[in-house]
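Have a look at the structure below before the remarks.
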Amino acid sequence: MSILLIAEHNNKELRAFTLNAITAASQIDEDVHALLIGNDCSNVAKFLSEIPLVKKVIQVEATHYKNFLPENFAPLIVKVSENYSHVISSANTFGKNLMPRIAALLDTSQVSDIIKVISPDTFLRPIYAGNAFATVKSTDAKKCVTIRPTSFEPCETSGGSALIEKVDAVEEFISSKFIKREEVKSDRPELGTARIVISGGRGMQSGENFKLITDIADKLNAAIGASRAAVDAGYISNEHQVGQTGKVVVPDLYIAVGISGAIQHLAGMKESKIIVAINKDGEAPIFSVADYGLEADLFEALPQFLEELNKLNTIQK
Amino acid sequence: MKILVAVKRVIDYNVQIRVKEDGTGIVTDNVKMSTNPPDDNAIEEAVKIKEAGTEIEVVAVTVGEDKAQETVRKALAVGADRGIHVKADGIIEPLAVAKILQKIVDKEKPDLVFMGKQAIDDDCNQTGQMLSALLNWSQATFASKINIKENKLEVIREIDEGLETIEVNLPTVVTCDLRLNEPRYASLPNIMKAKKKPIEEFTATGLGVDVTPRVQQIKVEEPPKRKSGIKVSSVAELVQKLKNEAKVI
Amino acid sequence: MKSKAKVVVVGGGVVGVSALYHLAKKGLTDVVLVERKELTSGSTWHAAGLLPLFNMSYSVGQLHKYAVDLYKKLEEETDQNVGFSVVSNIRLASTKDRMDEYYQYAGVAQTIGVDVKFLTPEQVKEIWPLCRTDDLLGAIQHPEDGYIQPADLTQAMATGARNMGAEIYRNTAVVGIKQTKDGWIVETDKGTIECEHVISCSGNFARQTGKMVGLDIPVIPVEHQYIVTEPHPDILKRKKEGLPEMGVLRDSDSRWYMREEAGGLILGPYEDGAPACYVDGPSKDSEYELFQEDLDRLAPHIEGAIHRVPAFGEVGVKKVYNGAICYTPDGNPIVGPAWGLKNFWINEGHSFGITAAGGAGWQLAEWIVDGEPTIDMLGVEPRRFGDYVTKSYLKEKNEEAYNHVFKIHYPDEERGAARELRTSPCYDRMKALGAVFGQKFGWERPNFFAIDGMEQKDDWSFRRSKWFKAIEKECKNVKENVGLLDMTAFAKCRVKGPGAEEFLDYLVANKIPKKIGRIGLCHALNTKGGVHSEFTIMKEAEGSYYLVSAGANQRLDHDWIQKWIPKDGSVQFENLTNSMGVLVVSGPKARELMTRVSRDDFSKESFKWLSAKNVDIGNAPVNAMRVNFVGELGWELHHPIEYQNHIFDRLMEAGKDLGLKPYGIRAMNSLRLEKSYKLVGTELSIEYSPYESGLDRFIHPNKGNFIGLEALNKWREKGFSNKLVTLEIHNIDDADVLGNNPIYENGKVIGRATGGDFGFRLGKSIALGMIKPEIATTGQKLKIDILGKMYDCTILEESPYDPQNNLLRA
């Protein structure tokens, strides 16, 4: 069995979650080949070849691959995947957008967002916003699987020396055109991989008040998250949303401030190692998943929290 | 112009689901069901486009058991013109749904196909993309804003890093995000009227689609329970515990 | 968690929390509540929160009134907002019968002290501009009524209870309840609690809780839906302009309630076809559960709502809630002691739980701490249902109770579900003779007999209807000839043993019969001196007594006896209700009739009034008791039930040329009123001392100790505030007193009627009533309200028909 792993990147660098996907792929079979499709992405190819778990890198270049349109990627991947048993990618928006297109073209029933590899054809995946886990077995000859990155460790990135093979591009799909991308740049750790996340909810009452959260995030070197309610109310932009239809995060520490704990939000963070809840409603559902709950007015508690943090001598980074 | 909207009947998002004791699935008997929420956004967007333009027909389609027709009726109550129900029982995988929708697309020849980006029961997030592939159409997933420009669609999509704008030619498949619009509520007279509108019926086998699942569900279980937590009485105590007990800061 | 407490309340909805709160308020602070999940997570959380003061029952009306008054004060007491919107409540009427119902109700309201106003359609329009009023006859308004936030109310009472020292354990499920010598052990999944009293407030789990102690609790929930709309511009406009909220609107004839909600509207119909749910109980994980909506079965009521309030059809439906509401066979909750078990209390079957919770908790606390409730709780008595209430009976009756919430509650209604359940042997014979049946405690009983030309069908009304003429015929026949009445439904039992005489002497306020074969009318008082039960006691043999009481009170009366019976084995109790039949013959020709069917001596000398003899009728053994409830010469023929038809046929055959005709319960009621005879639940109640009810000659305070004597003596010293009188109503030709009618003197309410009818032997419309003792003199002129109109009435002497009792002693 050989595993075709679709690398996610920005042509200059590999995106972090590809490392988790590689780990997952290697748990299915050790013969993992990374497929890199892009434009002018040789740096990334080199980086991939140094990953010990990657046995081979397949690099395909073309200008029409520059912006990762699935309509372009899918037919190429279908062609390359001929002798592979599995096609794997991470289940973030890149993978979610792309993999089903590949699966349909391969007439394969995709398995999405797995959290565990049980065997090459059997996986564990969350359903109903993670309120249940399903063990599923794929009976298709070729398997298309996306993996939940936070459930797998990122792999080692040095010590490997895989061959880089170049393959021809296929025809451009002209009915779709990339216009632009607005990336929200940040010095902060990325929400999906941060060790500490502090999230604000409806209780923050305004976008300005999120400053209370950002101050603490700065101190803890944490990523900033938000509930759907806070994003809907316009307090913060959508890429911060944690939840069933937002991001799933598993930090070591998740601090939920002014978040009631609706099921949809819990779906995105309940696997966090330690959960702290700060809310003035002692009966809010978030307290039932919190390891430490503080029933307090967040407008008093947050400044106090910052003060206490400043008193501590060292904070793990 | 014709817009085909696919809707799915799922357990209501407010319900606390329970896993069946024998692990074969989720309890659905006597449980409140409703339209998959992002599908409500899909219908709303289609109806908005219809209201803003002329000679636009909105057709709602669902795949599932007989009761699934309720979601089509809701779409009709909110402004869809016609309804289609493709009868299929049991778990129908996204690939099978995509194949069925492909047959419906072949019949109806819509210019746009809308659906929610993800169903809140199986959380697969596949159907729209698969349908698009089978039709060899463009795809615009996780749409949070749509602008129609002649024969093209300019779509702003929500991605991990922020927002991406693409332009796709018609016909195309769009999967909708919750932030696309605010779905309207149907008035009772419209709900009652919709009950009398005809819904065209097909069967999966009649359309020539084999819906046998390829992915077997071996078992379903509850996630491991978290250990219960404690309430702290002050911020100072919280910080102390995080540092010395949990050792996370 | 405590391992010992005085009282454990099972269930943390608004009902359980109110019970806990009231116990603590009454000074019983060593009390705990156990809730399997979160407070309110059963039905309370999804309730629409309405607080209807309207209820045709005197008991329930009092409970609701108390609650509404309490909820107003709760915020001050607990510092927690309960969201009580006192927006008033308007009930509409589109038919004359509905207006009659409101008039009758207004009388009840007057006597409880509930403020009710009658409105014209124009006045309705002023308050509810969005309401169509041109096809209305009128409306009533409760200014004090409104709606509340159920969860907030519950939390406020929980806070109040906790502040007083009570404890609440959430996420703690009761898995068993075991009886001990002095109380109970409640087993939970977190430990056990030893206690004296248990109160079951488990809502949808009522039957499961009951099973733990071997009780078949008559509660099964029914699905109820309500629709919430998005905001309507007209309502938003009103809010902006600072206009008041329009209040709760109830279109009774269209069978729904409606109120404002967040700028939109809520509509809650009580439709036909709503199914019972949780028939075998909710699942063990159930919480915050809702069912799939079914707008189809609401369709006629939605149309009615759009007709009445067109705005309702103009806005979108935000959500439809379909959740379980508990029901009992008659739609009133069950609040009181469980039968057969000491210190186990039932507070279940609440279909207006948000309102009733307050009053129910209040009375249960009184009952537990002081030993007795302070208001007549018969309307919500758990023992008003018997073991004929099977699960399948429950399902049918509860679904019926649900769809009757807005149907007109005629005083003579006999609901159709689960009928022909318990029939006495002569049922078919009575039917062939034209009987139109009703039921009491599951027993079919002829209410009246259809006369020539009449359809064999009932005709309900607040006024005289088709059966008026029918019972006139029956009453006149009893007066002139002889009538036959089936009273098999009587509750009957035997109390015997070496300690029986002493026990019965202690149980009742009268001297019990000393000679074998003698009969006494005896009353069991409760510990506060009010009248609890009425028994006819016959001494059968040394140490053996036969007791008869009203069929509706079988479980209540027998439970009372068994709870007081000494535990040393010196007294045995035997229920004979189902093994003995009763046929009553009454009228001047009764003696002639009896001599034709029996060789025994029925002469006046040999068979005195208030005596009993074992006789043969035909070939059947009969215990003939010379008593009756209609004031004529007559006998109650008690017989082993299997002989009934033999006896019936012999009587009918022999009585052909004597004019023997059957008569029914409605005629009986008219006849007894002419004799000023009293019934438990109306003239007799725990709220009245026997002296107030005119039972003086049946009470012997000097005979020795009996239950309630001490309290009665104290009461007498304090003074009585009521006296039972018999009234004649003048100049009325289309209706009679139904009961609960306010009685006036000089424009002030000085009492209420307890019952009434037309007396055919007297040719007068008569009533019984409780009024202030100062004006209770024969000949006093008063006024009485009948269906909204005032009538002159005069106090008559007691027993206006044959006051010397010459006829029945003949």
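Proteins come first, then strands; the chains are lettered A, B, ... in the order of their sequence lines, and each starts at number 1.
- The choice from B/E164, B/R214, B/Q129 that makes the most heavy-atom pairs within less than 4.5 Å of chain A is B/R214.
- Of the atoms belonging to A/Y292, heavy atoms from both backbone and side chain fall under 4.5 Å from chain B.
- By number of non-hydrogen pairs under 4.5 angstrom with chain A, the leading residue of B/A246, B/P223, B/S233 is B/P223.
- Interface remark: of the candidates A/I102, A/N67, A/D140, A/I274, A/D140 forms the most heavy-atom pairs closer than 4.5 Å to chain B.
- For chain B, the nearby parts of A/I275 are the backbone and the side chain; heavy atoms of each come within less than 4.5 Å.
- Top candidate by heavy-atom pairs under 4.5 Å with chain A, chosen from B/K152, B/Q126, B/R18, is B/Q126.
- The residue from B/K145, B/K48, B/E45, B/E44 that alone fulfils the side chain to side chain donor-acceptor pair (under 3.5 Å) condition with B/N181 is B/E45.
- Residue contact with chain B, scored on non-hydrogen atoms closer than 4.5 Å, involves the backbone and the side chain of A/K270 alike.
- Neither the backbone nor the side chain of A/L191 has a heavy atom closer than 4.5 Å to any heavy atom of chain B.
- Ranked by heavy-atom pairs under 4.5 Å with chain A, the list B/I166, B/I159, B/D121, B/V220 is led by B/D121.
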Check: Could you go step by step and tell me if A/D107 and B/K99 meet the salt bridge (Lys or Arg N to Asp or Glu O under 4.0 Å) rule?
Finding: CA-CA 10 Å; A/D107 193 25; B/K99 289 179 180 172; 2.6 Å; yes
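- The residue among B/L238, B/I218, B/D160, B/V239 with the most heavy atom pairs within less than 4.5 Å of chain A is B/D160.
- Checked by atom type, the side-chain pair A/N92/A/E8 shows a donor-acceptor distance below 3.5 Å.
- When A/L124, A/I278, A/T135, A/T139 are compared by the number of non-hydrogen pairs under 4.5 Å with chain B, A/T135 comes out ahead.
- Ranked by heavy-atom pairs shorter than 4.5 Å toward chain B, the options A/F173, A/F123, A/F178 are led by A/F173.
- Donor-acceptor pairing under 3.5 Å is lacking for the side chains of B/R9 and B/S34.
- Across B/K109 and B/D106, no two heavy atoms sit closer than the pair NZ-O, 2.8 Å.
- Taking the ring centre of A/F68 as origin, the terminal cationic atom of B/R157 falls outside the region bounded by 6.0 Å and 45° from the ring axis.
- Only the backbone of A/T108 comes within contact range of chain B, with heavy atoms under 4.5 Å apart.
- For a residue to count as touching a neighbouring chain, one of its non-hydrogen atoms must lie under 4.5 Å from one of that chain's; by this rule A/E71 touches chain B with the side chain only.
- Per-residue heavy-atom pair counts under 4.5 Å with chain B were compared for A/L253, A/D252, A/I127, A/L294, and the maximum is reached by A/L294.
- Of all the listed residues (A/K273, A/E182, A/K137), the one sharing the greatest number of non-hydrogen pairs under 4.5 Å with chain B is A/K137.
- Proximity to chain B is limited to the backbone of A/A290, based on heavy atoms less than 4.5 angstrom apart.
- Between A/Y254 and A/H265, the ring planes are tilted. Angles from 30° to 60° get that label.
- Proximity to chain B involves both the backbone and the side chain of A/A301, based on heavy atoms less than 4.5 angstrom apart.
- For A/F287, the part lying under 4.5 angstrom from a heavy atom of chain B is the side chain only.
- Across all non-hydrogen atoms, the minimal contact from B/I120 to B/V10 is CG1-CG2, 3.8 Å.
- At a 4.5 Å heavy-atom cutoff, A/D113 makes no contact with chain B through either its backbone or its side chain.
- For the side-chain contact (heavy atoms from CB on, under 4.5 Å) with B/F114, the lone residue among B/I146, B/T175, B/I43, B/L4 that qualifies is B/I146.
- For chain A, the option among B/Q16, B/Q139, B/M130 with the highest count of heavy-atom pairs below 4.5 Å is B/Q139.
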